[in-house]
Amino acid sequence: MTAISTFGAHASASVKLDNAKRDWLFMFTYFATSLLAIAMLFTNVLEYKAGLVGKASMVIPALLLACLLCEFAFLARRFSNDVQKVFLLISVPAVLAFGLFIIPGTVPDEHAHIAQALDLFGRHSGSFLVPKVLDPDSLPHTYADLYASISTPDSWDSMISYDRYLAYADGLYAIPAMVISVLRVLNVNAMVAVVIARVVNGALFCAAGYYIIRLLPCGKTALMVFLLNPMLIQQEASLSADVLVNIAAIAFVVHFLKLNSQKEIARKEWLIFAALTVVMALAKMMFAPLALLWLVFLNRRLSGKRLLAAYLGIFLVCCALAALVVVFYHGSFFPASFELMRSPAECARILANSIWIAGPFWIDSYLGQFLASLNLATWTPCVYVYLVLQVVVLFYSDEDCSVLVRGVDKVFVCVLSLVNLLLLVLTMREWSLEVDKVTDCILGIQGRYLFPLVLLPLCCMLRPGKKRSEGNVLITSAALLAAIFSINMIPIITFYL
């Protein structure tokens, strides 16, 4: 009997391994179809706008896209209980489509990010040497212009100097810089190199998202919907520093949620969380206040009134320290912000006015109502569908898990997110005064800054274990998200025609 049981166990393990290999074979076939279909459509659109081919050339890409749709339907049903793979089914074509069809340089501040990535390994007296074809002041704005840039011979021979600098850590550009450097050695056209680097960034986000979803013990479908936000996908399929900033911040938040839901935490997990804290703070200083999430782990030592008293005490100490800094600091670091904070009543009035005036724009741009340089309007019903979907999935979880954030901790987490948001708004005070010439409110904040700050309250609203859908909500969400991205491609393509 023992021998038979052992044989049966080995046979079962072998079948599972074969199924796993088969699943990934299906996945890589799907990825190949996505790349071929979307790249061919992109190439044909450029050649059509250049007058080299007619509309009949779109037949083959259309057939490939139809095959891609059939593969998606088959695999979505096959992976109806695997959120990570369903995420890849949507995110891979999405980053390919956005990375190719949204013209380089038209994502917010991307022209400056491109310059820093191109000359990361060769700074020249504080400026950047970039190919003339990638001159930030004359980047293409239509597909006809893009085709002309891609067709430019010897694009690396003529260089210009560009001196706009964005205060991001150099390491955030390391991956696209290495990709572009290799392609330059191979004498690949500079614009083509940028497009390929964007797609590589998008692939990095897909891989990171797959791992991040695995980290979260419950609410995986809600996290998948969050990660497939059209604005987030646009930023991740670009050459912006936001690619790694968002990955680091979201990974930090999800790792916090994972640890907070566990009864026992291994030393290795503490070290990983500490490393993510440092990486997040270095990637974008404005998210550094989220490091205070470490205080939530006080709930392992305290509870009830003692925990509440600890939170109130920490809050008062932070307020006192902040007041001292505001009163006595007169340096060059955000001087206009500190000057405003020295008048608490005026500061509160301007913050409230900023939320009232600019708040709707923050929400619209966060939800992807406006893409590219926030001048490309998507179809409004898609925005509402995404918003409703993000709320609905909070009430379904097909995983067994305790609550991610408990009791009074939810209040602390939400207050911390709100305070971080207000501090983020205050950092734009100088921009509003000098660039927008506005004194009674603060402008300049965009929805793309808010992803980790939104994720925390969303996860506080999760209701794990309340309702099980047996994969039906996951499949419905996948179908709706695929429809949203497909429909959004229509205004994207027509915008650049």
Side-chain angles (χ1 to χ4, degrees), residues 208-209 211-229 231-232 235 242 245-262 265 269 272-274 276-281 283-300 307 311 314-315 318 355 359 362-363 365-367 386-387 389-395 397 399 401-425 445-464:
Y211 173 74
I212 288 170
I213 291 172
R214 187 175 71 180
L215 279 180
L216 198 66
C218 61
K220 293 179 185 289
T221 302
L223 179 58
M224 181 196 77
V225 174
F226 171 84
L227 290 173
L228 291 171
N229 179 306
M231 175 56 76
L232 180 57
Q235 294 306 117
D242 285 350
V245 167
N246 287 326
I247 289 174
I250 293 170
F252 168 80
V253 169
V254 172
H255 203 77
F256 157 74
L257 295 168
K258 174 181 180 289
L259 297 187
N260 196 51
S261 68
Q262 296 177 187
I265 302 176
E269 291 182 310
I272 293 173
F273 187 52
L276 285 172
T277 306
V278 174
V279 171
M280 176 196 66
K284 189 154 189 170
M285 182 183 59
M286 291 302 101
F287 292 147
L290 292 180
L292 291 174
L293 286 173
W294 277 86
L295 296 173
V296 173
F297 296 113
L298 286 171
N299 60 22
R300 296 174 181 271
L307 180 61
Y311 279 147
I314 291 167
F315 176 75
C318 288
I355 294 171
W362 302 347
I363 296 171
S365 58
Y366 168 82
L367 293 172
Y386 177 80
L387 176 60
L389 179 62
Q390 181 68 91
V391 173
V392 169
V393 293
L394 297 175
F395 297 91
S397 180
E399 301 89 24
C401 174
S402 59
V403 177
L404 295 175
V405 186
R406 301 173 183 83
V408 70
D409 295 337
K410 291 184 179 181
V411 178
F412 176 82
V413 166
C414 291
V415 169
L416 178 60
S417 297
L418 176 60
V419 170
N420 201 154
L421 171 62
L422 296 178
L423 290 174
L424 191 59
V425 174
I445 295 296
Q446 301 170 20
R448 63 191 175 98
Y449 302 156
L450 308 180
F451 292 111
L453 305 182
V454 171
L455 180 57
L456 278 167
L458 277 179
C459 289
C460 287
M461 292 188 286
L462 274 172
R463 294 294 181 269

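Along the sequence shown, residues are numbered consecutively beginning with 1.
- Between atom CG of residue Leu292 and atom CG of residue Asn420 there is a gap of 9.0 Å, rounded to the nearest 0.5 Å.
- Of the inter-residue distances, the one linking Thr277 atom OG1 with His255 atom NE2 reads 9.0 Å to the nearest 0.5 angstrom.
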Item checked: Leu455 vs Val254, side-chain contact (heavy atoms from CB on, under 4.5 Å): CA-CA, chis, key distance, verdict -> CA-CA 9 Å; Leu455 180 57; Val254 172; 4.0 Å; yes
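- Rounded to the nearest 0.5 angstrom, Leu416 CG and Leu421 CG are separated by 11.5 Å.
- Residues Val425 and Trp362 have side chains in contact (heavy-atom distance under 4.5 Å, counting atoms from C-beta outward).
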Next item on the list: For the pair Lys258 and Leu216, evaluate side-chain contact (heavy atoms from CB on, under 4.5 Å) and give the outcome as yes or no after the intermediate values.
Entry: CA-CA 6 Å; Lys258 174 181 180 289; Leu216 198 66; 5.7 Å; no
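- Looking at Leu290 and Pro452, their side chains come closer than 4.5 Å, going by heavy atoms from C-beta outward.
- Looking only at side-chain heavy atoms (C-beta outward), Pro289 and Leu423 come within less than 4.5 Å of each other.
- Note that CZ of Phe226 is 7.0 Å distant from CG of Leu458, once rounded to the nearest 0.5 Å.
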Item checked: Working for side-chain contact (heavy atoms from CB on, under 4.5 Å), residues Leu298 and Ile314 -> CA-CA 11 Å; Leu298 286 171; Ile314 291 167; 3.6 Å; yes
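- Between atom CD1 of residue Ile247 and atom CG of residue Leu276 there is a gap of 12.0 Å, rounded to the nearest 0.5 Å.
- When all heavy atoms are compared, the tightest approach of Ile265 to Leu259 is CD1-O, 3.5 Å.
- For Phe297 and Phe256, the ring centers sit closer than 6.0 Å to each other.
- The minimum heavy-atom distance between Val245 and Ala283, with the atom names listed, is CG2-O, 3.6 Å.
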Checklist line | side-chain contact (heavy atoms from CB on, under 4.5 Å) between Leu456 and Leu293, worked out | finding: CA-CA 10 Å; Leu456 278 167; Leu293 286 173; 3.9 Å; yes
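- Minimum heavy-atom separation, Ala222 to Leu462: CB-CD2, 4.0 Å.
- Under a 3.5 Å cut-off, the side chain of Tyr311 and the backbone N or O of Val411 do not form any donor-acceptor pair.
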Next item on the list: Could you walk me through whether Asp242 and Tyr449 pass side-chain hydrogen bond (donor to acceptor under 3.5 Å, both in side chains), step by step?
Entry: CA-CA 9 Å; Asp242 285 350; Tyr449 302 156; over 6 Å; no
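- Looking at Lys220, its side chain does come within 3.5 Å of a backbone N or O of Ile213 through a donor-acceptor pair.
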Next item on the list: Report the C-alpha distance between Phe252 and Phe273 in whole Å, list the side-chain angles of each, state the deciding distance to 0.1 Å, and finish with yes or no for ring pair (Phe, Tyr, Trp, His ring centres under 6.0 Å).
Entry: CA-CA 7 Å; Phe252 168 80; Phe273 187 52; 5.0 Å; yes
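- Contact detail for Tyr386 and Val225: the closest heavy-atom pair is OH-O, 2.8 Å.
- Counting only distance, with no hydrogens or angles, the side chain of Lys284 and the backbone of Met280 share no donor-acceptor pair below 3.5 Å.
- In this structure, the separation between CG on Asn229 and CD on Gln390 is 8.0 Å, given to the nearest 0.5 Å.
- With a 4.5 Å cut-off on side-chain heavy atoms, Ile250 and Leu227 count as touching.
- The backbone N or O of Leu404 sits nowhere less than 3.5 Å from a side-chain atom of Ser261 that would complete a donor-acceptor pair.
- Between Met231 and Tyr366, the shortest heavy-atom contact is CB-O, 3.7 Å.
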